[in-house]
Amino acid sequence: MAFPDASDLDPCPFNPFLMWIDELRTLRKEKLIGREVLFFSEIDSTNREARDRAEKEAIEGTVVIADSQSRGKGRLGRSWESPSGANLYLSIILRPRISLPAAAQITLLAGIAAARALSGVSGLECRIKWPNDIFLRGRKLAGILTEMEGKGSKVRFIILGIGVNVNWRREDFPVGLRETATSLCAETGKEISRLAVAAGFLHEMEKEYTSFLREGFSARLREEWSRLSWVLGKRVTLSLPEGTISGQALGLDPEGALLVLDGGGKTHRFIAGEVSLRMEDSNFEREASECFW
Ligand code: BT5
C-alpha cells in the first residue's frame with residue numbers, strides 16, 4: 001500500500017514544517033522505524049491515525065507526525081495539549097511478535113529512547129518518571145502513550161505515541177500546566193529544532209527496539225532504564241482503580257514491573273496499565289535541581 005496519500009499532505013509549499021519532514025524521511029529511509037513518515041498539519045490524534053493505518057496493514061515502522069492535534073490523547077482518558085508551530089506529536093506503528101504481557105515493556109524502551117534523545121538535544125539531564133513521563137528539572141517535558149491491539153495471547157500491533165514540548169514558551173502554557181510542565185526551549189532558553197528532536201528519538205528508539213527484538217527485555221535494558229529513572233529509591237504513591245499504595249520504589253523486575261516496598265515491609269508489583277504514580281518529594285526535586293543546573 002502506498003503511503004502517504006497525496007490528500008494527507010499539507011499542500012502549502014512554504015510550510016517550514018514540511019521541509020524538516022522531508023529531511024527526516026531522508027534520514028530514516030533505510031531504517032526500520034521511520035521508513036514511512038506521514039505528516040498532517042492538523043489532526044485529531046496521531047495515535048488514532050496510526051491505529052487506523054495499522055488496521056489497514058500499514059508497515060511496521062510507519063511514523064505519523066502532526067504539527068497540531070485537536071484531541072491529543074493522554075493515558076486513562078486524559079488529554080494532551082497540542083498547540084501548533086511549537087512541539088512534536090509523533091506515533092509509531094510497531095508489530096513485535098510478543099505476548100500481551102510483554103507489551104508494557106515497549107513503554108519502558110520508549111522512555112529510555114526519549115530520555116536519551118532529549119538529554120542529547122538539550123544538554124540537560126532528562127529522566128523517566130515511571131511509567132510514561134519524561135521529566136526535566138522536576139517538570140513534565142514529554143509523555144508517552146502506548147496502545148495495543150491483540151489477537152489471542154499475542155500482540156497484533158502497538159501504537160507508540162510521544163508528545164514532546166519543544167519550543168513551547170512558558171507564557172503560552174495553559175494556566176493549569178504552568179507549574180507542572182516545561183519545554184526544551186523554556187529550560188535551555190534556546191529554540192531547538194523539531195527535526196533534531198524527532199530524528200534523535202527515532203534513532204534511539206530503533207536501537208532499543210531492535211535490541212529488544214533480539215534479546216527481549218534484557219538486564220542491559222533494565223539497567224539503562226534504572227540509570228535514567230527519576231523514581232528509584234524515592235517515596236511514591238500509586239493510584240489504582242481499587243485504591244492507593246505508598247512506599248519506596250525499588251526497581252524493575254525481569255518482566256519490567258515496578259516493585260514498591262510499603263511501610264509494612266510488603267513488596268508490590270505494578271504493570272503500567274491502570275496505574276498512576278505520584279512522587280511525594282517532587283517539589284523538593286525542583287528546588288534542588290535548580291541549584292545544580
Ligand atoms: C501522557 O499521558 O503523558 C501521554 C501523552 C501522549 C501524547 C502523545 S502526542 C502524540 C500521540 N498522539 C496522541 O493522541 N497522544 C500521543 P498522561 O500521563 O495521562 O498525562 C496527561 C496529563 O499531562 C494531563 O492530564 C495534563 O495534566 C498533563 N499535560 C497535558 N498536556 C501536556 C503537555 N503538553 N505537557 C505537559 N503536560 C501535559
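First listed ligand is number 1; within each ligand, the first listed atom is number 1.
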Specify the protein heavy atom at minimum distance from [atom]: its residue, its atom name, and the distance to 0.1 Å.
atom                    : answer
atom 24 (C) of ligand 1 : Ser79 O, 3.5 Å
atom 31 (N) of ligand 1 : Glu81 N, 2.9 Å
atom 9 (S) of ligand 1  : Gln69 NE2, 3.4 Å
atom 10 (C) of ligand 1 : Thr46 OG1, 3.2 Å
atom 38 (C) of ligand 1 : Trp80 CZ3, 3.4 Å
atom 4 (C) of ligand 1  : Ile144 O, 3.5 Å
atom 1 (C) of ligand 1  : Asn132 ND2, 3.5 Å
atom 3 (O) of ligand 1  : Lys140 NZ, 2.7 Å

Can you confirm whether Leu94 sits close enough to Glu60 that some side-chain heavy atom of one is under 4.5 Å from a side-chain heavy atom of the other? yes
Between [X] and [Y] (salt bridge meaning N to carboxylate O under 4.0 Å), is one present in this structure?
X      : Y      : result
Arg75  : Glu147 : no
Arg53  : Glu36  : no
Asp52  : Lys56  : no
Arg116 : Glu208 : yes

Pick one: which of [options] meets side chain to side chain contact (heavy atoms under 4.5 Å, CB included) with [X]?
X      : options                : answer
Leu124 : Thr188, Leu118, Leu141 : Thr188
Ser91  : Asn47, Leu38, Ile43    : Asn47
Ile144 : Leu160, Leu108, Ile128 : Leu160

Test of proximity, [X] against ligand 1: N or O pairs below 3.5 Å:
X      : result
Asn165 : yes
Lys73  : yes
Trp168 : no

Close-contact set for ligand 1 against [X] heavy atoms, below 4.0 Å:
X      : value
Gly72  : 14 (O)
Asp133 : 3 (O), 18 (O)
Ser45  : 12 (N), 13 (C), 14 (O)
Leu90  : 10 (C)

Where's the contact between [X] and ligand 1, heavy-atom distance under 4.0 Å: side chain, backbone, both or neither?
X     : result
Arg75 : both
Arg48 : neither
Asn87 : neither

Okay, side chain of Lys207, backbone of Leu202: is any donor-acceptor separation there less than 3.5 Å? no
Heavy atoms only: which of Leu177, Leu145, Thr180 lies closest to atom 26 (C) of ligand 1? Leu177
Please check if any side-chain donor atom of Glu187 sits under 3.5 Å from a side-chain acceptor atom of Thr182, or the reverse. yes
If we only consider heavy atoms of Leu76, is any one of them less than 4.0 Å away from an atom in ligand 1? no
For the residue pair Phe135 and Trp230, categorise the inter-ring angle as parallel (less than 30°), tilted (30 to 60°) or perpendicular (more than 60°). parallel
Given Glu206, which of Arg28, Arg35, Lys31 fulfils the salt bridge (charged side-chain N to carboxylate O under 4.0 Å, His left out) condition? Arg28
